[in-house]
Amino acid sequence: MGTAFAVSGTVLLDDAVARAQEAAPLEGHFHPKGKAPSQFTLDALAEAKKTLPFSDTRDMDEQKRGLIAEMPDDQIMADAGHVAWDKKRFDFLNTDEDFDSIHPSMQRISRLNQNYGLYEVVPGIYQVRGFDLSDISFVRGKTGWIVIDPLVSAEPARAALKLFQEHVGEGLPVTAVIYSHSHGDHWGGVRGIVDEADVRAGKVEIIASRDFMEHTISENVYAGNAMNRRLFYQYGLLLPAGPHGYAGQGLGQGVSAGQVGLIAPTRIIEGDIEEIEVDGLRMVFQNTPGTEAPSEMNTWIPDMKALWMAENVTATLHNIYTLRGAPVRDPLRWSKYIARAMHLFAKDADVMFFSHHWPRWGNDRIMEILREQRDLYAHMNNQVLHYVNQGVTINQIHNVYKLPQSLQDKWHCRGYHGSPEHNSRGVVQRYIGFWDCNPATLIPHSPEDGAPLYVEMMGGSAKIMARGHELHDSGEYMLANEILNKLVQAEPNNQAAKDLLADVFEQLGYQQENPGLRNSFLSGAFELRSGIPDGDLPDTSSPDVIRAMSTELFLNFLGIKMDSRKVEGHSFVMNLVTPDNGEKFIVELENATLTNLEGYSAENPDLTLTINRVDLEQTMAGVKTLDAQLADGTAQFEGDLSILKVLGDAMTEFDPFFEVLPGTRGDVPVQAQSDAFEAVPGRPAIE
């Protein structure tokens with residue numbers, strides 16, 4: 001991590017400010033400026049524990065049921081030499097101790113997610129759990145095994161298959177892979193369990209939901225760099241694991257860091273309800289677009305009386321709005337798809353299993369879970385809109401909306417991935433957008449521009465710091481946040497202010513039940529104290545993802561990557577032809593805007609560029625520049641080649657470590673790309 005823990009110089013304003021710097025490092029904390037939970041935080045967590053339904057212990061029994069073999073290795077190594085999965089990070093959870101810096105409900109789900117091995121769901125269906133954020137499932141077909149959702153990366157998936165074959169698999173081959181939906185933790189490990197040559201030869205079928213490829217790629221491209229940076233916060237990617245830092249992700253313990261791959265589906269489920277045979281086994285698929293993912297499907301296996309609910313139902317309230325950033329999901333549609341599954345399949349089900357957490361057995365238990373999950377999303381949709389129609393705004397709803405107590409009392413409705421607070425704001429955003437209808441907020445100043453006036457009117461930084469200490473010391477953390485954030489925005493080099501705001505963020509983080517909220521507050525505290533760490537994260541970008549990106553998507557991405565200010569006054573029309581796949585595009589620069597139109601060619605273009613799609617992929621992946629392709633004749637042209645230089649010079653290098661909080665950027669270098677026309681999709685969206 002390099003300079004991750006280098007402590008910046010401190011600006012002391014008065015004796016009151018100095019108090020924040022005098023505290024000795026907390027024993028066991030990962031950061032030298034880290035603080036213990038305050039008495040106010042201890043009281044808040046104790047109160048939460050009293051109100052939680054700890055008398056309901058059914059999850060504990062269900063989580064343990066069916067264990068066949070524990071995984072003997074604590075670490076799974078990546079082919080590149082680093083650790084792809086480290087279970088030892090979470091050994092601190094293997095005690096009965098109640099941590100005073102982790103919400104008791106979050107502590108509970110993190111301990112439940114400590115399962116690490118091979119489990120029987122019912123005879124013929126097995127899961128390996130705890131190797132990644134998601135689970136991998138094996139279903140017995142006529143001649144081999146059908147795999148559902150092969151984890152995030154190849155190495156953990158390979159290790160899961162090895163454990164499975166040692167105990168259950170009988171050496172039978174994988175005959176089919178089902179991607180339940182378009183998020184990367186449900187397809188990224190596919191190369192760890194099947195060989196693409198077998199897929200091409202028809203030995204292995206790859207099955208996915210309608211529009212899978214479109215959404216798998218597009219969700220990670222248009223705002224990919226911003227999503228990557230926001231993932232540092234939601235997923236706590238740079239936080240050390242421990243009681244004062246990263247303590248799990250709710251859906252699972254974390255995300256593996258192996259090689260992400262993608263093999264394109266050979267069969268797409270197009271119908272709303274579609275029954276097919278997969279390796280001789282009847283499966284009924286229910287497409288559920290626009291729910292937890294833009295492309296997703298549930299699966300009913302009638303001969304086993306087993307219902308697979310993908311990620312539409314798990315042991316948590318899921319995200320309607322996800323903190324990493326994504327189009328807001330439709331909770332009403334989500335609720336209706338669950339209701340439809342209840343009536344089509346669940347009434348006959350003996351077991352229900354998912355892509356995260358553990359199965360549920362018995363029809364009464366299955367129907368109970370489905371009814372409550374149905375009502376969870378419907379209530380959030382309906383009641384938030386009930387308040388909206390009475391004038392409650394996006395800036396108020398999270399303090400007004402509450403789930404009914406009957407749902408709050410159900411563990412699987414607790415906010416381990418989504419939270420009622422940020423989901424309720426997401427519902428408002430979905431229906432009426434970001435504006436609260438107050439003209440004063442319609443065209444707001446940027447925070448760094450408006451904050452100096454606030455600081456001036458509050459009497460300057462010394463008064464804000466003194467009042468900030470008073471609010472912090474009295475447990476009024478949200479009010480302290482309100483004024484200290486203004487000061488940090490106005491004075492990004494005021495390290496004392498940043499340290500005090502970090503202390504506030506830390507207490508707020510300790511108090512959160514939701515891992516994304518906890519990680520975001522603690523990540524903010526980390527960066528305020530030390531700046532943005534300069535260490536590299538394991539690269540999970542994949543050549544498969546580049547190859548899967550359509551040419552249109554690539555051209556759309558170039559329109560985003562281009563700095564329009566650099567092409568003012570330029571215009572051109574270019575034909576792009578890729579003979580090997582028969583595609584053609586008109587690419588036009590006009591009004592400082594780059595557009596493309598598939599399936600057409602301009603009659604009098606300024607330039608025609610001809611390159612096989614397979615060779616274009618070399619440029620997209622950064623393996624071979626477009627200039628090199630032109631120089632050796634791989635790419636051919638007619639017309640004005642200077643057009644490409646104009647376009648290339650306007651391409652921007654996106655900074656993967658852009659500043660989120662003021663004064664934290666430091667000297668972290670921008671990681672340069674090899675070519676202006678390289679495609680840089682974000683990390684696969686993990687949920």
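Looking at residues two or more places apart in sequence or on another chain, you find no ring-ring contact (aromatic ring centres under 6.0 Å, His included) involving W361. For S110, there are no side-chain hydrogen bond (donor to acceptor under 3.5 Å, both in side chains) partners at least two apart in sequence or on another chain. For the side-chain hydrogen bond (donor to acceptor under 3.5 Å, both in side chains) test, residues two or more places apart in sequence or in another chain that qualify with D544 are R191, R547. For N115, the side-chain hydrogen bond (donor to acceptor under 3.5 Å, both in side chains) test picks out no residue, with sequence neighbours left out. H215 meets the side-chain hydrogen bond (donor to acceptor under 3.5 Å, both in side chains) test with no other residue; sequence neighbours excluded.
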Report the C-alpha distance between N287 and E274 in whole Å, list the side-chain angles of each, state the deciding distance to 0.1 Å, and finish with yes or no for side-chain contact (heavy atoms from CB on, under 4.5 Å).
CA-CA 8 Å; N287 265 308; E274 189 169 325; 5.7 Å; no
Any chance you could lay out the side-chain contact (heavy atoms from CB on, under 4.5 Å) test for Y510 and H244, step after step, and finish with the verdict?
CA-CA 8 Å; Y510 291 158; H244 301 95; 3.3 Å; yes
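Residues Y126 and Y119 place their aromatic rings such that the two centres sit no closer than 6.0 Å. Residues F353 and W308 bring their aromatic ring centres within 6.0 Å. Aromatic rings of Y235 and Y246 (six-membered ring for Trp) have centroids beyond the 6.0 Å cut-off, not under it. Centroid-to-centroid, the aromatic rings of H183 and H181 come within less than 6.0 Å. Taking the ring centroids of F99 and F92, they lie under the 6.0 Å cut-off.
Between D86 and K88 no salt bridge is recorded (no basic side-chain N to carboxylate O distance below 4.0 Å). Here K410 pairs with E372 in a salt bridge; the nearest charged N to carboxylate O distance falls below 4.0 Å. Using a 4.0 Å cut-off between a side-chain N of Lys or Arg and a carboxylate O of Asp or Glu, K87 and E70 do not qualify as a salt bridge. Using a cutoff of 4.0 Å between basic side-chain nitrogens and carboxylate oxygens, D98 and K49 are scored as salt-bridged. In summary, R65 and E120 do not engage in a salt bridge, as defined by a charged side-chain N under 4.0 Å from a carboxylate O. We find that R267 and E205 are joined by a salt bridge, their nearest charged nitrogen and carboxylate oxygen being less than 4.0 Å apart.
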Ignoring hydrogens and angles, write down the donor-acceptor pairs under 3.5 Å from the side chains of residues 160-169, residues two or more places apart or on other chains.
| from | atom 1 | to | atom 2 | distance (Å) |
| --- | --- | --- | --- | --- |
| K162 | NZ | E166 | OE2 | 2.8 |
| Q165 | OE1 | G171 | N | 3.0 |
| Q165 | NE2 | L172 | O | 2.9 |

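D59 pairs with exactly one of H412, R360, H357 by the side-chain hydrogen bond (donor to acceptor under 3.5 Å, both in side chains) rule, that one being R360.
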